[in-house]
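Remarks on the structure that follows.
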Amino acid sequence: MRSKFYITTAIDYVNALPHLGTAYEKVGADVMARFKRMAGYDVFFQMGVDEHSLNVAKQAKLKNMDTKHYCDAMAVRFEEVWRHLDINYDRFIRTTDNDHFASVQEMFKRIYENGDIYTGKYSGYYCVSCEKFYQEKELEDGLCPVHKRKPDWLEEKNYFFSLSKYAQPLLKYIEDNPGCIEPEIRKNEIVNVIKSGLEDVSVSRSSQTWGIPVPFDDTHVVYVWFDALINYITGAGFPADDNRFNMLWPADVHVIGKDITRFHCIIWTAMLMSAKLPLPKKVFGHGFVYLGGAKMSKSDGTALDPLSLSKIYGPDPLRYFLMREIPFDRDGDFLMEKYENRYNADLANDWGNLVQRVLSMIKKYRDGNVPLCSDNFETPLLSQWRNLHSALMETIENDYDSFRFSVVLSKIWQLIQLSNRFVEVQAPWKLYKQSKDSKELDNTLYSLLEMIRIANILIYPVMPSVSRRIQSQLNIDFPFSLDEALKWGRIQGNHKLGEIIPMFPKA
RNA sequence: GGCGGAGUAGCUCAGUAGGUUAGAGCAGUGGAAUCAUAAUCCACGUGUCCGGGGUUCGAGUCCCUGCUCCGCUACCA
């Protein structure tokens, strides 16, 4: 029986289009999902948008649009961006979807019935212009920091979730399940936050109507965070489809930004505990992408648009850069100069050129026909390649499970570099000069094809469309699977290669 | 204030339970080769491993201390 793998990303507010940092998260999750499919898992990969936010309603109002219509339009545009980046999700959930409505109400009810929701008073400084509550320390000289006006003191009846009650269970859970929050640094932070004391949180609003009504009190809507987190179980079939839910839930991993780990590792986990549902196996808080060392900001106009960025070299090189240059658990930096460097050095020179030179030699020396290889063919470099290859295959699942994309890629590139050295040492052009039907030449070219075929499979999760195109240049059609990457000698001799097209043209 | 990261070649970083001349990639210099997108391959680094103490036969690697940067968090205003 195949194992399932349920992976999610954060759902994004639709008050602005995604920037490069948002794309980074989705690419990482997509690479993971593709790898798991390659490893034989039944993958369910969900992402989507978070629409019940006051910011969203305000943005719609600003554009003079009906909120739902505005969301419809934005959801389309989000999906467009993701399609361009080859993000292959199984469901794109919207918090305005009908099944999510039912899911949130059911979840709210269960937590209420468990005695963890009570009515309380939410009070604070409220700026009418911002339509936002401020904590006292956020105010500047008692004034709203944005509008410089005196905020009103408002008190609102709210429903509260008894989060504080779960401090001990949370700590115990984190202690008993060492891998449940990664990387380690995020786990330490969460433990710290819990130890310093949890307060109950407000989970409803009566001052607004954009949202999902509290099931037993339609003068309140469910607070956006409480609503949003529930999307993960909605996608798994909660509450209508028990079979599906039992199969998919708990999620194997929630991929999220490091800034929202507390919502996931504290509030969400406690919500599930209260509703007596299983907890996600892992929450991974990735780092941020900076732009030349500075934080990207939509309001400053310094946010990079992934769509236009992907048009420079295509989506695959952008995916490659993000996964190779920035370790997923850390912050990283995007700079056009670095991007060009990676593109030229890693993609065009190392990988693209290897494919190109090998295929060209087969065309030139063997009329485009794949040669046969002797069974006992072996050289020192070839066996060095084999050693590296098997070491890589042994560690790749582990590396992936820890989101070490950049490590995996650097190992694959070591293989590629060995292949280029193999070409130099074997010098096929010399072999051809010595004897046109040199067996050594056949063996060399065939071995190189196999090296390329295998590297190409390993690269697939990161550059899926480039990998497909290279396969068609090899004129083979194997499934992209770890099994195929493990075996040597899958290419049959005596078939014609496809058309040779440079993969990474330079400007 | 507390907790936790980080400070290693021009740049980005690896450095596993402390042990021979501290590594990789990129950039730079020189050479080889010509199959290839002038792409590749080979050779070349006198680095105070942030400073200062200490433990040890021996420390980038452990302990103490100081400095700088960053994250989370508390308190005061």
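Naming: A, B, ... by sequence-line order, numbering from 1 per chain.
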Carboxylate-amine/guanidinium contact A:R404 A:E397, below 4.0 Å = no
Between B:G15 and B:G60, how far is it from one C1' atom to the other, in whole Å?
-> 8 Å
A:F478 ring center within less than 6.0 Å of A:F480 ring center | no
Using atom P of each nucleotide, how far apart are B:A43 and B:G19 to the nearest Å?
-> 27 Å
So what does A:R262 hit on the nucleic acid, given a heavy-atom distance under 4.0 Å: a base, only sugar-phosphate, or nothing?
-> sugar-phosphate
With sequence neighbours excluded, what pairs up with A:H286 under the ring-ring contact (aromatic ring centres under 6.0 Å, His included) test?
-> A:Y24, A:F328
Using a strict 4.0 Å threshold on nitrogen-to-oxygen distance, state whether A:K121 and A:E156 make a salt bridge.
-> no
Quick one: A:I190 CD1 to B:U73 C1', roughly how many Å, whole number?
-> 11 Å
For the ring pair A:Y159 and A:Y223, is the centre-to-centre distance below 6.0 Å?
-> no
Pair partner, B:C57 [Watson-Crick or wobble, under 3.5 Å] = B:G19
Rounding to a whole Å, what distance do you find between A:K338:NZ and B:C11:P?
-> 12 Å
Provide the distance between the two C1' atoms, one in B:A17 and one in B:G25, to the nearest whole Å.
-> 28 Å
Return the value, rounded to whole Å, for the distance between atom CG of A:D331 and atom P of B:G71.
-> 9 Å
Can you tell me the distance, in whole Å, between the CG atom of A:N192 and the C1' atom of B:C75?
-> 15 Å
Provide the Watson-Crick or G-U wobble partner of B:A24, both distances under 3.5 Å; none if there is no partner.
-> B:U12
Which whole number of Å gives the distance between the C1' atom of B:A59 and that of B:C70?
-> 26 Å
C1' atoms of B:A27 and B:G10, separation to the nearest Å | 8 Å
Mind calculating the distance between CD (A:E340) and C1' (B:A27) to the nearest angstrom?
-> 14 Å
Reading nucleotides 30-41 of chain B 5' to 3', which nucleotides get B (base under 4.0 Å from a protein heavy atom), which S (sugar-phosphate only), which -?
-> ---SSBBB-SBS
Would the A:Y313 and A:Y339 ring centres measure less than 6.0 Å apart?
-> yes
Name the pairing partner of B:G1, where a pair is Watson-Crick or G-U wobble with both distances under 3.5 Å, or state none.
-> B:U73
C1' atoms of B:A39 and B:C49, separation to the nearest Å | 36 Å
Pairwise P distance, B:U55 and B:C3 [rounded to whole Å] | 27 Å
Counter-base of B:U40, judged by Watson-Crick or G-U geometry with both distances under 3.5 Å = B:A32
P atom, B:C13 versus B:G52: distance in rounded Å?
-> 25 Å
Here the distance between atom P of B:A6 and atom CZ of A:R186, to the nearest Å, is 12 Å
Separation of atom OH in A:Y290 from atom P in B:C69, rounded to whole Å | 16 Å
Please state how far atom CD in A:E325 lies from atom P in B:C11, giving the value in whole angstrom units.
-> 15 Å
Compute both the distance and the angle, then confirm whether A:K338 meets the cation-pi test with A:F321: under 6.0 Å from the six-membered ring centre, within 45 degrees of the axis.
-> no
As its Watson-Crick or G-U partner within any shown strand, both distances under 3.5 Å, B:A6 has B:U68
From CA spacing to verdict: ring pair (Phe, Tyr, Trp, His ring centres under 6.0 Å), A:H254, A:F284 | CA-CA 6 Å; A:H254 293 316; A:F284 193 95; over 10 Å; no
